[in-house]
Amino acid sequence: MAPAQPHTAAITLARLFFLLAFFTGSVICWRPWPHSQPNSTDFLFGGSKKYEGSSEFVKLKYHMGPVLTANITVYPIWYGRWQKSQKRIIREFISSISAGDSKLPSVAGWWKTVQLYTDQTGSNISRSVHIGQEKNDRFYSHGKSLTRLSVQSVIKSAVTASTRPLPINSKSGVYLLLTSDDVYVQDFCNNVCGFHYFTFPSIVGYTLPYAWVGNSAKLCPGVCAYPFSVPAYMPGLKAVKSPNGDVGVDAMISVIAHEIAELATNPFVNAWYAGQDPVFPVEIADLCEGIYGTGGGGSYTGQMLNDKDGATYNMHGIRRRFLVQWVWNHVVNYCTGPNALDK
């Protein structure tokens, strides 16, 4: 039997139609995929409402598998050429997840929704997320075009390197493969902006939760860097200014957040998800794709914040601002975020 395919950070068109058919009345997630053929109503702003994406039809269930309740360690793998400033933005976002003293609304406040999820013992997702050892692969050891399986080979190279290999941590480790803006990964830009799964022992030697996120600055900014960039076929929609001056990396932040949230709640595809098929799960970030604030839904991002320099964001981290999508709150059954507006 063919191995299960990694699930995506952005909802594929097939998944979108699945949601429309199965979760009638739920949030309609959105990203401007190049092969969609929208009619004029697809780009109408959704109406503001108190509970973003709320629906009694969304049946997110716990399937008794483990979640990441121990202190979470993220191991970045920098594949390709990265600027120091780009690495700094991503590191500071990951460190912000546990930075409880950040200015409100904060990344740590966003993570509190993820922390609501528990395992079968009632233990919550860990509040502690920190960066562990890092690995650089600046010479593209596996080429500039990767398949989903060769992504796992890159991770294998990182954990089996002859010098400074990454630690093996299957209990609370998250292996985060980040590809530079000149690297193409299978389905990138057409169906996904990132995905997560777990490594196969037959390839890597270990079962490790991992995620891949690509830099779309050159390949498809109008798709995966939305709303910091918009596609040419949508001339009436204006891009917003990225908060850290790097469209590709600022866009990656939300996808990284998406993947870490889903890895924490469903690391081995047997914990928290909606739907009947674990090969094609709908997870806590999938349900809120494209929603960044109150009123979000359809092609409308929701209420966001604008700084005096014109940058758009929705939460604060360590010394920086970020735009991060909301995640599904199973307690109240709708998408939530720290920048929600009371009504």
Side-chain angles (χ1 to χ4, degrees), residues 1-24 26-31 33 35-36 53 55 57-68 114 117 119-120 125 146-156 170 173-177 185-214 224 255-290 325 327-328 330:
M1 181 180 293
Q5 292 297 308
H7 29 291
T8 67
I11 294 181
T12 63
L13 290 176
R15 178 177 291 176
L16 178 57
F17 291 132
F18 171 81
L19 282 172
L20 287 171
F22 187 79
F23 297 131
T24 305
S26 69
V27 59
I28 298 174
C29 305
W30 190 85
R31 191 179 282 272
W33 295 114
H35 300 304
S36 62
S55 175
F57 296 102
V58 174
K59 302 299 182 183
L60 189 74
K61 295 181 180 179
Y62 178 51
H63 298 266
M64 305 306 288
V67 300
L68 301 187
V114 182
Y117 290 82
D119 64 11
Q120 57 186 299
I125 300 290
L146 304 175
T147 66
R148 290 177 182 254
L149 289 180
S150 64
V151 160
Q152 295 201 21
S153 296
V154 175
I155 296 171
K156 177 182 179 180
S170 59
V174 169
Y175 296 81
L176 182 60
L177 175 60
V185 175
Q186 182 181 354
D187 296 326
F188 191 22
C189 300
N190 293 317
N191 292 307
V192 300
C193 302
F195 57 71
H196 77 90
Y197 206 58
F198 54 85
T199 61
F200 303 146
S202 59
I203 297 177
V204 180
Y206 309 92
T207 302
L208 305 171
Y210 77 91
W212 158 75
V213 177
C224 290
V255 185
I256 290 170
H258 182 128
E259 299 305 335
I260 291 178
E262 292 186 345
L263 276 170
T265 54
N266 196 29
F268 299 109
V269 203
N270 59 0
W272 289 93
Y273 62 88
Q276 302 302 314
D277 187 354
V279 176
F280 193 54
V282 179
E283 300 169 285
I284 71 166
D286 296 325
L287 290 166
C288 305
E289 177 70 35
Q325 72 153 94
V327 290
W328 188 259
H330 73 97

Nearest 0.5 Å, what's the [atom1]-[atom2] distance between [X] and [Y]?
| X | Y | atom1 | atom2 | answer |
| --- | --- | --- | --- | --- |
| Q152 | T199 | CD | OG1 | 5.5 Å |
| D187 | T147 | CG | OG1 | 10.5 Å |
| S153 | F200 | OG | CZ | 11.0 Å |
| L287 | Q325 | CG | CD | 10.0 Å |
| I284 | N266 | CD1 | CG | 9.0 Å |
| I155 | F198 | CD1 | CZ | 12.5 Å |

Please give me the minimum heavy-atom distance between [X] and [Y], naming the atom from each residue.
| X | Y | value |
| --- | --- | --- |
| A271 | V67 | CB-CG1, 3.8 Å |
| P209 | F268 | CG-CZ, 3.8 Å |
| A264 | P267 | O-CD, 4.1 Å |
| Q186 | R148 | OE1-N, 3.0 Å |
| V151 | Y210 | CG1-CE1, 3.7 Å |
| L208 | V204 | CD1-CG1, 4.5 Å |

**OP:** Quick one: sort the F195 and W212 rings into parallel, tilted or perpendicular, breaks at 30° and 60°.
**Re:**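 F195 vs W212 ring planes: tilted.
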**OP:** Name the orientation class of the two ring planes belonging to Y117 and H330 (parallel below 30°, tilted from 30 to 60°, perpendicular beyond 60°).
**Re:**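 Y117 and H330: tilted rings.
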Subject >> Result of checking L263, D286, V327 against H258 for side chain to side chain contact (heavy atoms under 4.5 Å, CB included) >> reply: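 One option only clears the test, and that one is D286.
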Subject >> Side chain Y62, main chain G65, donor-acceptor under 3.5 Å >> reply: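 Such a contact is found between Y62 side chain and G65 backbone.
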**OP:** For E262 and A285, indicate whether the former's side chain and the latter's backbone hold a donor-acceptor pair under 3.5 Å.
**Re:**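 Pair found, side chain donor or acceptor close to backbone of A285.
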Original post:
Taking it one step at a time, do C193 and C224 satisfy disulfide bond (SG atoms under 2.5 Å apart)?
Top reply: CA-CA 6 Å; C193 302; C224 290; 2.1 Å; yes
Subject >> Atom OH of Y206 with >12 non-hydrogen neighbours under 6.0 angstrom >> reply: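 Result for OH/Y206: open.
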